[in-house]
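Chain letters run A, B, ... following the sequence lines, proteins first and then strands; every chain starts at 1.
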Amino acid sequence: WSLPLKSVFVTFPGDIMKNMTDGELAEGYLKKFGYMDTLQRSGFQSMVSTSKALKRMQRQMGLEETGELDKSTIEAMKKPRCGVPDVAN
Amino acid sequence: YQTFEGDLKWDHKDVTYRILNYSPDMDSALTDDAFARAFKVWSDVTPLTFTRLFDGTADIMISFGKADHGDPYPFDGKDGLLAHAYPPGEGVQGDAHFDDDEYWTLGTGPVVKTRYGNADGAMCHFPFTFEGKTYSSCTTDGRTDNLPWCATTADYSKDKKFGFCPSELLYTFGGNADGAPCVFPFTFLGEEYDSCTTEGRRDGYRWCATTDNFDKDIKYGFCPSRDTAVIGGNSEGEPCHFPFVFLGKTYDSCTSEGRGDGKLWCSTTDNYDDHKKWGFCPDQGYSLFLVAAHEFGHALGLDHSNIRDALMYPMYSYVEDFSLHEDDIQGIQYLYGPKTGPDPKPPQPTTVPYPDPDITDPTNDPRPTEPTTTTPVDPANDACKLTKFDTITVIEGELHFFKDGHYWKMSNRNDGNQGPFSVSERWPAVPAVIDSAFEDILTKKIYFFSGNRFWVYTGQSVLGPRSIEKLGLPNTIQKVEGALQRGKGKVLLFSGENFWRLDVKAQTIDKGYPKYTDVVFGGVPNDAHDVFQYNGHIYFCRDRFYWRMNSRKQVDRVGYVKYDLLKC
């Protein structure tokens, strides 16, 4: 068997969707849709607020409320959706 | 479902909309139709009507745009955010924006409406065969004028039905040239152009001149996307070029190589490595109808739902045979009430079956604001001789009819009513005239309202009388005329033309109340003197009649209290 081709990732000119890390994707998502307020928090506080925000998002989407950035949550964040926030603000 | 803070909604039923521009992905006639069907989703279940305006300011202004499209919420290229809309109100409120970096279809791939030809504007039929070859997209084969065409049936050779496909050589849309086709080459700012361009624009839309010199004639239009055109990327509207070279390898079809998100793309020149010109390949696309129906839900006052199958769920999912989910219906009818058919007319009695004191002499039964000694009801009198009760409610699963210190019971088990029983024997603290009562589902506590006071019985013990202001009701209320349990721990309290929602546990009225009864419960009298819940229906009583409403807030029956409920 030949070794699987090592995929080369190319940055395409004009491609708005940057290759983000899952953490960046999640933080942007939680802020954009109102689960987390945009003011910066530090260290421990930030972790607590992220976990709480994740749980709220998981509840809204009918996912298991783990408070973790698990696979199903990341997949849900990549799905096409409406731009209106989920948490009224 | 959720509504926006303060239950934002239109204060009129005849809502207007205007389509400000179109997407190059779909023929404007298909876009018009998709939006009209999306509005019909909501007008089918509410009293709302939607009228299209072609100029001026409409309630709902609809537009397509890309990335930063003029409001503080930029779109994000292909996929991701598809659209957004604002809740009802002035200015940008109520408007709906659609991301034109998406591929707009009806959800199942290219929708190619033909023009001219001999198929009366029918849609292309893919695949179709022509001279023994099978085509899954429009082609210029068989023609010398380079116009793309398609068959509108599976076999052109047999049926000879065809039409021309969207092409800038055939027509443009928008602009100021009334749809005239492009003229190539044309001059713009002294430069010559042989194809559509985005030059000179910030919104990324492709356009062309419809004369050979734009600088002189200033005539232009937007270019429709060909069905084979790529989406997004940096070559919007250009067709894929097959074969093409990428990282030294040759490709004869779209590929996801080089990307981490698995999306299919192609080069629009023969060599990506040299020219770096690319775009995403057409896929199923997003249903403009479904996304518009969702966004119009926002524009009418609905926020996102957490019911996965509801239209107002935030994520997109294609549904073939769409119908509104109960959650969406409850949400929109909470704001605007149900579709009002003809007002229910109570049956007009041909003869008055009983001497009916109430309608002959209104002074006969003045509604005391303060409980007074009651006019004695002869206990031998059965309930059938009365036409109007002080209140009707369900206690311990049985309908209770209260009148002047007595009550009758109707159980589901048998047809007869039992009574009269004395109120003071069972609930001694409660006055003879009770305006309304309800049994809290969770705690089994029984609340009695009379005038501006209320009592709460828990078994034999009683709390009260207390002022209804303790619950957060305004002191302007003369009396509470009806009570409707709404799910666990919430009760709607009716008075006059309004109702309030009581949080029983918190013992206080929820924010955002009162609401007008006839707005939320359309089709019932708004001066009902009694409102109660029974066997899954809501009953509004006025005089001897009742209006029955089902769970979809539709009035499904109007009848006589004494015949239908008391079984006289």
### Summary
Most contact-rich option vs chain B, by heavy-atom pairs under 4.5 angstrom, among M77(A), K78(A), M61(A), is M61(A)
### Task
Show the numbers, then the answer: is there a salt bridge (charged side-chain N to carboxylate O under 4.0 Å, His left out) between K79(A) and E75(A)?
CA-CA 7 Å; K79(A) 287 218 175 109; E75(A) 274 166 17; 5.9 Å; no
### Summary
Whatever's closer than 4.5 Å to a heavy atom in chain A on S317(B) counts as neither
### Query
Can you tell me if D86(A) and H304(B) form a side-chain donor-acceptor pair at under 3.5 Å?
yes
### Task
Tell me, for E102(B) versus chain A, whether the close heavy atoms (under 4.5 Å) come from the side chain, the backbone, both or neither.
neither
### Task
Could you tell me which of K277(B), M315(B), H84(B) has the largest number of non-hydrogen atom pairs under 4.5 Å with chain A?
M315(B)
### Summary
Okay, Y86(B) and chain A: the region with an atom under 4.5 Å from a heavy atom over there is neither
### Query
So which heavy atom on G77(B) is nearest to which on D99(B), and how close?
O-OD2, 3.0 Å
### Query
Looking just at side-chain N and O atoms, do R81(A) and Y29(A) make a donor-acceptor pair shorter than 3.5 Å?
yes
### Task
Pick whichever of Y272(B), F280(B), Y73(B), Y286(B) has the most heavy-atom pairs under 4.5 Å with chain A.
Y272(B)
### Message
I'd like to know if the side chain of H97(B) pairs up with that of D95(B) as donor and acceptor (distance under 3.5 Å, no hydrogens or angles considered).
### Response
no
### Query
Among I307(B), V291(B), L82(B), who wins on heavy-atom pairs under 4.5 Å with chain A?
L82(B)
### Message
Check whether F9(A) forms a cation-pi arrangement with R259(B) (NZ or CZ under 6.0 Å from the six-membered ring centre, at most 45° off the ring normal).
### Response
no
### Message
Under 4.5 Å from any heavy atom of chain A, what part of L247(B) do you find: side chain, backbone, both or neither?
### Response
side chain
